[in-house]
Amino acid sequence: MRRPKINSIDRARRSGLQRVLQELEPGRSVVLSTHLNADGDGAGSQAAAAHWLARRGLQAVIVNPTPFPDSFRFLLADGMEAWTPADPEGEKAMRDADVFLVLDTAEPSRLGAVMSRTEGRRMLVVDHHPPTSSSVGDVVVCDPTACATGELVFDLIRLAGDEITREEADGLYVAIATDTGSFRFGNTTARTHEIAADLLRAGVDPESMYLRIYAQYTPAGLELVRRALERLEVADDLPVAWISLRHADLAQTGATKEDLEGIVEYARRIRGVQVALLFRELHDGSTKISLRSSGDADVAAVARRLGGGGHVKAAGAVIPEALEAAEARVLDEVREALS
Ligand SMILES: [Mn+2]
């Protein structure tokens with residue numbers, strides 16, 4: 001049986017994860033956190049890590065800067081809760097923590113109110129975003145060659161010599177499936193599939209995962225998709241398509257931020273499109289941009305010029321400008337990147 005070999009991983013990743021492991025002694029209290037508006041990778045990696053740490057005899061509590069996504073609550077064990085700093089339980093967990101294990105980000109600004117509470121505590125970071133000058137952490141594993149943070153959590157568990165349980169496998173599968181666009185994006189590797197195979201052997205049911213992750217449209221979410229398709233525009237002179245949503249689009253449809261997941265993919269699915277964009281007007285009048293690249297364009301570089309960041313093929317930024325001005329500015333930057 002072919003297994004994703006733990007001794008085949010890159011030496012830097014291995015030694016980094018080894019140092020993380022050394023900090024996770026049985027009996028210690030760990031707060032698990034991830035970035036604002038946790039996605040499938042953040043939430044799935046956390047859920048898997050929480051199951052595993054509990055199994056190793058640590059106290060593990062999830063405290064995120066924004067509420068744990070409802071759509072991924074099924075990954076939490078019975079009685080396992082996820083808090084925010086506003087909850088007394090979250091506050092207490094952060095006060096009692098020996099260690100913070102931060103997953104899927106190393107950016108202080110993306111940790112919201114959790115960040116200030118890490119002061120004076122050991123902070124372990126396991127992430128796959130390219131490190132930046134503002135990255136934080138006492139022990140940091142930032143490996144952009146990992147398809148998802150879930151891949152690194154998988155390696156961490158295997159490095160500890162532990163088999164992966166069904167519950168852990170479900171979380172890691174959600175993490176990896178969502179961050180690779182269901183094994184379709186450019187970050188998908190042979191090893192991604194080897195790990196997925198291992199997760200299926202641990203009991204993951206791919207169809208029920210598909211239904212849990214993707215077959216979840218609500219009437220409000222569907223209405224948002226309808227509006228997004230109405231607003232979809234394709235440039236005449238560039239291989240670029242974009243969707244612009246007003247603040248009112250979310251408010252009037254009753255759609256949530258979670259319903260925005262994947263909307264940008266509608267622009268990316270158009271034949272010939274190399275850069276897909278989602279513009280979203282925020283309540284304070286600024287504009288949030290999601291960028292996706294299907295070609296050689298480095299959208300992380302574009303996002304950095306706009307004050308944001310991310311991966312080469314998936315990045316984002318918030319611009320303090322109104323929707324129309326933001327569109328013009330971003331399209332200029334994208335034109336530049338494509339030339
Ligand atoms: Mn991720």
Side-chain angles (χ1 to χ4, degrees), residues 9-10 13 16-17 20 32-50 62 64-66 68-69 71-72 75 82 101-112 114 124-132 134-137 140-157 168-189 191-193 195-196 199 209 213-214 257-258 260-265 268 278 288 290-293 298-300 303-304 308-317:
I9 64 173
D10 169 85
R13 184 191 295 187
L17 291 174
V20 169
L32 288 159
S33 199
T34 187
H35 52 79
L36 296 161
N37 306 320
D39 58 3
D41 189 22
S45 295
Q46 289 193 288
I62 295 172
N64 288 351
T66 51
F68 195 87
S71 46
F72 300 126
L75 295 172
L101 175 54
V102 174
L103 300 169
D104 205 36
T105 187
E107 290 301 310
S109 64
R110 298 199 72 208
L111 283 170
V114 171
L124 319 177
V125 172
V126 174
D127 183 27
H128 70 131
H129 294 87
T132 70
S134 52
S135 296
V136 288
V140 180
V141 181
C142 265
D143 189 341
T145 69
C147 66
T149 296
E151 174 175 338
L152 300 170
V153 174
F154 173 92
D155 288 342
L156 184 64
I157 298 175
E168 291 152 18
D170 281 347
L172 298 177
Y173 188 87
V174 165
I176 291 170
T178 55
D179 256 30
T180 60
S182 299
F183 310 96
R184 289 175 297 188
F185 296 164
N187 56 350
T188 307
T189 63
R191 191 159 190 275
T192 309
H193 282 283
I195 291 170
L199 300 177
M209 284 295 139
I213 300 168
Y214 297 110
K257 279 188 200 149
E258 290 177 33
L260 289 161
E261 280 292 320
I263 293 275
V264 68
E265 290 302 313
R268 210 182 159 200
L278 173 66
K288 187 174 161 110
S290 304
L291 305 99
R292 298 289 181 274
S293 170
D298 177 356
V299 291
R304 278 195 298 275
H311 304 287
V312 172
K313 296 199 159 205

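What you see is a predicted model, and the numbers here were worked out from it, not measured in a lab. Ligands are counted one by one from 1 in listed order, and the atoms in each one are counted from 1 as well.
- The Mn ion (ligand 1) sits nearest to atom NE2 when only the N, O or S atoms of H128 are considered.
- None of the N, O or S atoms belonging to D39 lies under 2.8 Å away from the Mn ion (ligand 1).
- Residue contact annotation: D41 places an N/O/S atom under 2.8 Å from the Mn ion (ligand 1).
- Atom OD2 is the N/O/S atom of D179 found closest to the Mn ion (ligand 1).
- Residues R13 and E151 are paired through a salt bridge, judged by an N-O separation under 4.0 Å between the basic side chain and the carboxylate.
- D104 contributes OD1 as its N, O or S atom closest to the Mn ion (ligand 1).
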I would like to know whether Q46 and T34 meet side chain to side chain donor-acceptor pair (under 3.5 Å); could you show each step before the answer? CA-CA 8 Å; Q46 289 193 288; T34 187; 5.3 Å; no

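- A salt bridge does not link R110 to D127: none of the charged nitrogens lies less than 4.0 Å from a carboxylate oxygen.
- When distances to the Mn ion (ligand 1) are checked against a cut-off of 2.8 Å, H129 contributes no N, O or S atom below that limit.
- For R268 and F185, the positive end sits near the middle of the six-membered ring, less than 6.0 Å away and at most 45° from its axis.
- Partners of T180 under the side chain to side chain donor-acceptor pair (under 3.5 Å) rule, at least two apart in sequence or in another chain, do not exist in this structure.
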